[in-house]
Amino acid sequence: MRALLLALPLLLSTPAIADETTGRILAFDRVANVIVLDDKTIWPLADTTETSPDLVAGDMVRIDYVGGGDTGVASITSILRVEG
């Protein structure tokens with residue numbers, strides 16, 4: 001039992017993992033700071049998220065993010081246009 005109690009903090013703390021995804025922009029709401037990809041995933045942006053300044057619907061993008069938390073995304077670090 002003591003071993004379980006000592007290991008519990010390690011089991012509950014999940015490390016942040018950097019990850020990326022790609023997709024085509026379906027909609028980009030600059031007022032609400034939200035990008036919707038063509039697979040209907042919604043990506044809320046922080047004020048500190050690096051984005052290409054001229055992104056528009058139809059652009060293919062790579063989203064770099066840090067995974068974690070209940071939603072699977074702790075923070076989005078950048079959204080950049082890619083060829084494709």
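Hydrogens, waters and symmetry mates are skipped; everything else that's a heavy atom, side chains included, is used.
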I25 side chain reached by V56 side chain, heavy atoms, under 4.5 Å:
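Sidechains of I25 and V56: no contact.
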Side chain to side chain, T77 and V66, heavy atoms closer than 4.5 Å
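Touching, per the 4.5 Å side-chain cut-off.
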With no hydrogens and no angle check, is any side-chain donor or acceptor of [X] less than 3.5 Å from a backbone partner on [Y]?
{"X": "T49", "Y": "I76", "result": "yes"}
{"X": "R24", "Y": "G58", "result": "yes"}
{"X": "R81", "Y": "T51", "result": "no"}

Residue pair I79, L45: steps toward the side-chain contact (heavy atoms from CB on, under 4.5 Å) verdict
CA-CA 9 Å; I79 299 179; L45 309 178; 3.1 Å; yes
Say whether S78 and D64, considering side chains only, have a donor N or O and an acceptor N or O under 3.5 Å apart.
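S78 vs D64: donor-acceptor pair found between side chains.
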Evaluate side-chain contact (heavy atoms from CB on, under 4.5 Å) for L55 paired with V61, printing each intermediate quantity in order.
CA-CA 9 Å; L55 291 177; V61 292; 3.8 Å; yes
Pair W43-L37, side-chain contact (heavy atoms from CB on, under 4.5 Å): steps then yes or no
CA-CA 8 Å; W43 295 86; L37 296 182; 3.5 Å; yes
Check step by step if side-chain contact (heavy atoms from CB on, under 4.5 Å) holds for D59 and F28.
CA-CA 10 Å; D59 284 346; F28 185 9; over 6 Å; no
Passing option when V36 is tested against T41, L26, D29 for side chain to side chain contact (heavy atoms under 4.5 Å, CB included)
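For V36, the side chain to side chain contact (heavy atoms under 4.5 Å, CB included) test succeeds with only one of T41, L26, D29, which is L26.
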